[in-house]
Amino acid sequence: MKQANLKFSLPEYEARLQKTRKAMEAKGIDVLICSDPSNMNWLTGYDGWSFYVHQCVVVPPTGEPIWYGRGQDAPGAKFTAYLKHENIIGYPDHYVQSTERHPLDYLSAKLTERGLDKLTIGVEMDNYWFSAAAFASLTKHLPNARFVDATALVNWQRAVKSETEIKYMRNAARIVEAMHQRIFDKIEVGMRKCDLVAEIYDAGTRGVDGIGGDYPAIVPLLPSGVEASAPHLTWDDRPMKSGEGTFFEIAGCYHRYHVPLSRTVFLGKPTQAFIDAEKATLEGMDAGLAVAKPGNTCEDIANAFFGVLKKYGIVKDNRTGYGIGVSYPPDWGERTMSLRPGDRSELKPGMTFHFMTGLWLEDMGFETTESILITETGVECLANVPRKLLVKD
């Protein structure tokens, strides 16, 4: 029997399971079905590119969690998850993308075999990886169960990071530093944007100082000029132009832990609009960081930042940050707390956020952001990249 390659100790996994069961008990949930691959990873260690088919981790009332997925992915669970092999269940391949049967039909049968078919079952209803057809299958084949919404139940348990998680995020921070250095070293007028992206991927994967990089949950975002008024454009093969600004929203990733960081590079002499955006953003970020400390709330950071923008006549009508940590495509956020007015979530030591101070204005975009760790006394910026508009002639 091959021993799993675990990224955390067994006591840490046990502590996570206990936290999750306590949260389940508070919501009256007996059995939890987690389809979010980040939650599957956090609960068991499972890591594989298999989230394009139906899979989940089941947390029963007692004992180990159960990994459930495509049969050919079961060996991957044995290699990466701490579970006993009898708690790794693979479904036959004729369930994959079938018009006659659904993979969760098979899961229902397995839950029934284990006597879990008449309990209250929590499912992640609002989730990229859990479909309407999946829910219909469960309700059809487990008619005696009661189903409740458990969206983000596990996500919230992940909010405060352990020492090892923070260590992995520090490694990711070193990687994103190298990625931004590579961008500034290589970017030049006339360079095809796709070639620059190849450099970004190279730097992010090779890593730094013996720390190898993982694939990030979001591809590099790097619109230029007026197209940078849209925040989520990727790249093409057009050449970089003089007189344009390009923001680079990228993340270092290590053992699935992300540290996003954005910087803006201007080729040539910056326009006054970029200089003004830089001034407002950096002043606002300083104000937000000053109140990012235990006991304050998510909205305290947001209100401090938005207050400075208002002084400069800038309106940002979207949130200015979100929780980060372990994640899989298509999103590196934790989908819990947001740095925005109205979010009264208390800041606690060990919480990590992407302080997303990006501005997407009518004819330009500007991003200078930080990934932050709430400490016992205040805040720490995880990465060390010059916090300014980067100019290259």
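If you check the side chains of Tyr257 and Trp332, you find no donor sitting under 3.5 Å from an acceptor. In summary, the side chains of Ser38 and Asn41 do not present any donor paired with an acceptor at a separation below 3.5 Å, with no hydrogens or angles considered. No hydrogens or angles considered: a donor-acceptor pair under 3.5 Å links the side chains of Asn39 and Glu124. Lys118 and Thr112 share no side-chain donor-acceptor pair at under 3.5 Å. No side-chain donor from either of Glu367 and Thr357 sits under 3.5 Å from a side-chain acceptor of the other. Between the side chains of Glu14 and Gln18, a donor-acceptor pair is found at a separation under 3.5 Å. Side-chain contact of Gln55 with Trp67: a donor-acceptor pair under 3.5 Å is absent, judged by distance alone.
Contact of the Phe79 side chain with the Tyr46 side chain is not registered, since no non-hydrogen atoms from C-beta on lie closer than 4.5 Å. Inter-residue side-chain proximity for Pro294 and Leu347 is flagged as unmet; no heavy-atom pair is nearer than 4.5 Å. The closest side-chain heavy-atom distance from Thr297 to Ser345 is not below 4.5 Å. Tyr312 is not listed as a side-chain neighbour of Thr281, based on a closest heavy-atom distance of 4.5 Å or more. Within the 4.5 Å cutoff, the side chain of Leu43 has heavy atoms near those of the Cys34 side chain. Annotation: side chain of Val148 is not in contact with side chain of Ile121 (no heavy-atom distance under 4.5 Å). Residues Arg182 and Ile200 form no side-chain contact, since every pair of their non-hydrogen atoms from C-beta on lies 4.5 Å or further apart. Residues Trp42 and Tyr13 fail the side-chain proximity criterion, which asks for heavy atoms closer than 4.5 Å.
Listed by chain and residue number, nothing satisfies the salt bridge (Lys or Arg N to Asp or Glu O under 4.0 Å) test with Glu278 (two or more places apart in sequence, or in another chain). Partners of Pro386 by side chain to side chain contact (heavy atoms under 4.5 Å, CB included), not counting sequence neighbours, listed by chain and number: Lys388, Leu390.
With hydrogens and angles ignored, the 3.5 Å screen pairs a side-chain donor or acceptor of Lys27 with a backbone N or O of Asp149. Within the 3.5 Å criterion, the main-chain N or O of Leu222 finds a donor-acceptor partner in the side chain of Lys193. Side chain of Asp343 to backbone of Ser338: a donor-acceptor contact under 3.5 angstrom is found. Here the side chain of Thr151 pairs a donor or acceptor atom with the backbone of Asp126 at under 3.5 angstrom. A donor-acceptor pair is defined here as one N or O able to donate and one able to accept, closer than 3.5 Å; no such pair exists between the side chain of Glu283 and the backbone of Ala280. In this structure, Arg335 contributes its side chain and Ala152 its backbone to no donor-acceptor pair below 3.5 Å. Of the possible polar contacts, none joining the Arg158 side chain to the Val154 backbone as a donor-acceptor pair under 3.5 Å is found. Looking at Arg206, its side chain never comes within 3.5 Å of a backbone N or O of Gly204 through a donor-acceptor pair. Side-chain atoms of Lys348 do not come within 3.5 Å of backbone N or O of Ile374 as any donor-acceptor pair. Between the side chain of Tyr68 and the backbone N or O of Pro103 there is at least one donor-acceptor pair closer than 3.5 Å.
Ion pairing of Glu299 with Arg344 is present here, as a side-chain N (NZ or NE/NH1/NH2) and a carboxylate O approach within less than 4.0 Å. With salt bridges taken as basic N to acidic carboxylate O contacts below 4.0 Å, one links Lys161 and Glu334. Lys140 and Asp105 are not joined by a salt bridge, as no carboxylate oxygen comes within less than 4.0 angstrom of a charged side-chain nitrogen. Classification of Glu370 and Arg263 as a salt-bridged pair holds, one side-chain N sitting under 4.0 Å from a carboxylate O. Under 4.0 Å is where a charged nitrogen must lie from a carboxylate oxygen, and between Arg70 and Asp93 at least one such pair does. Ion pairing of Glu244 with Lys269 is absent here, as no side-chain N (NZ or NE/NH1/NH2) approaches a carboxylate O to less than 4.0 Å. Using a 4.0 Å cut-off between charged side-chain N and carboxylate O, Glu25 and Arg21 make no salt bridge.
Residues Trp360 and Trp235 share a hydrophobic cluster, clusters being chains of Ile/Leu/Val/Met/Phe/Trp/Tyr side chains in contact below 4.5 Å. Using a 4.5 Å cut-off between side-chain heavy atoms of Ile, Leu, Val, Met, Phe, Trp and Tyr, with links allowed through other members, Met356 and Ile218 fall into the same hydrophobic cluster. Under the 4.5 Å side-chain contact rule for hydrophobic residues, Leu83 and Leu116 do not share a cluster. Hydrophobic clustering places Val219 together with Val176 (ILVMFWY residues linked when any side-chain heavy atoms are closer than 4.5 Å, directly or through intermediates). Under the 4.5 Å side-chain heavy-atom criterion for grouping Ile, Leu, Val, Met, Phe, Trp and Tyr, Phe306 is connected to Ile314 within one hydrophobic cluster.
In the displayed structure, Gln272 atom CD is contacted under 6.0 Å by more than 12 heavy atoms of other residues, nucleotides or ligands. When the shell of 6.0 Å around CG of Asp209 is examined, it contains 12 or fewer heavy atoms from other residues, nucleotides or ligands. Within a 6.0 Å radius of NZ in Lys19, other residues, nucleotides and ligands contribute more than 12 heavy atoms. By the neighbour-count criterion of 12 heavy atoms within 6.0 Å, atom CD of Glu86 is densely surrounded, having more than that number from other residues, nucleotides or ligands.
For Arg256 and Tyr328, the positive end sits near the middle of the six-membered ring, less than 6.0 Å away and at most 45° from its axis.
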Working for side-chain contact (heavy atoms from CB on, under 4.5 Å), residues Ile166 and Leu373: CA-CA 9 Å; Ile166 292 171; Leu373 166 69; 4.0 Å; yes

Pair Lys186-Leu196, side-chain contact (heavy atoms from CB on, under 4.5 Å): steps then yes or no: CA-CA 7 Å; Lys186 295 294 184 178; Leu196 185 54; 4.3 Å; yes

Trace of the side-chain contact (heavy atoms from CB on, under 4.5 Å) decision for Met240 with Thr246: CA-CA 9 Å; Met240 306 297 297; Thr246 303; 3.4 Å; yes

Verdict with reasoning, Thr164 to Ser9, per side-chain contact (heavy atoms from CB on, under 4.5 Å): CA-CA 9 Å; Thr164 304; Ser9 68; over 6 Å; no

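Remark: aromatic rings of Phe135 and Phe147 are close, center separation under 6.0 Å. Checked against the 6.0 Å centroid criterion, the rings of His102 and His54 qualify as a close aromatic pair.
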Under 3.5 Å, which donor-acceptor pairs do the side chains of residues 56-66 form with other protein atoms, sequence neighbours left out?
{"from": "Glu64", "atom 1": "OE1", "to": "Lys84", "atom 2": "N", "distance (Å)": "2.9"}
{"from": "Glu64", "atom 1": "OE1", "to": "Asn87", "atom 2": "ND2", "distance (Å)": "2.9"}
{"from": "Glu64", "atom 1": "OE2", "to": "Lys84", "atom 2": "NZ", "distance (Å)": "3.3"}

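Applying the ring-ring contact (aromatic ring centres under 6.0 Å, His included) test to pairs two or more places apart or on separate chains, those with a residue in residues 196-221 are Trp49-Tyr215. The side-chain hydrogen bond (donor to acceptor under 3.5 Å, both in side chains) contacts involving residues 284-294 comprise Asp286-Arg387, where partners must be two or more places apart or lie in separate chains. Residue pairs meeting the ring-ring contact (aromatic ring centres under 6.0 Å, His included) criterion with at least one partner in residues 164-198, sequence neighbours excluded, are Phe8-Tyr168, Tyr168-Tyr254, Tyr168-His255.
Across all non-hydrogen atoms, the minimal contact from Ser162 to Glu12 is OG-OE2, 2.6 Å. When all heavy atoms of Val379 and Ala292 are compared, the pair lying nearest together is CB-O, 3.2 Å. Minimum heavy-atom separation, Ala230 to Pro223: O-CG, 3.5 Å.
Note that NE2 of His354 and CG of Leu339 are 10.0 Å apart. Values are rounded to the nearest 0.5 Å.
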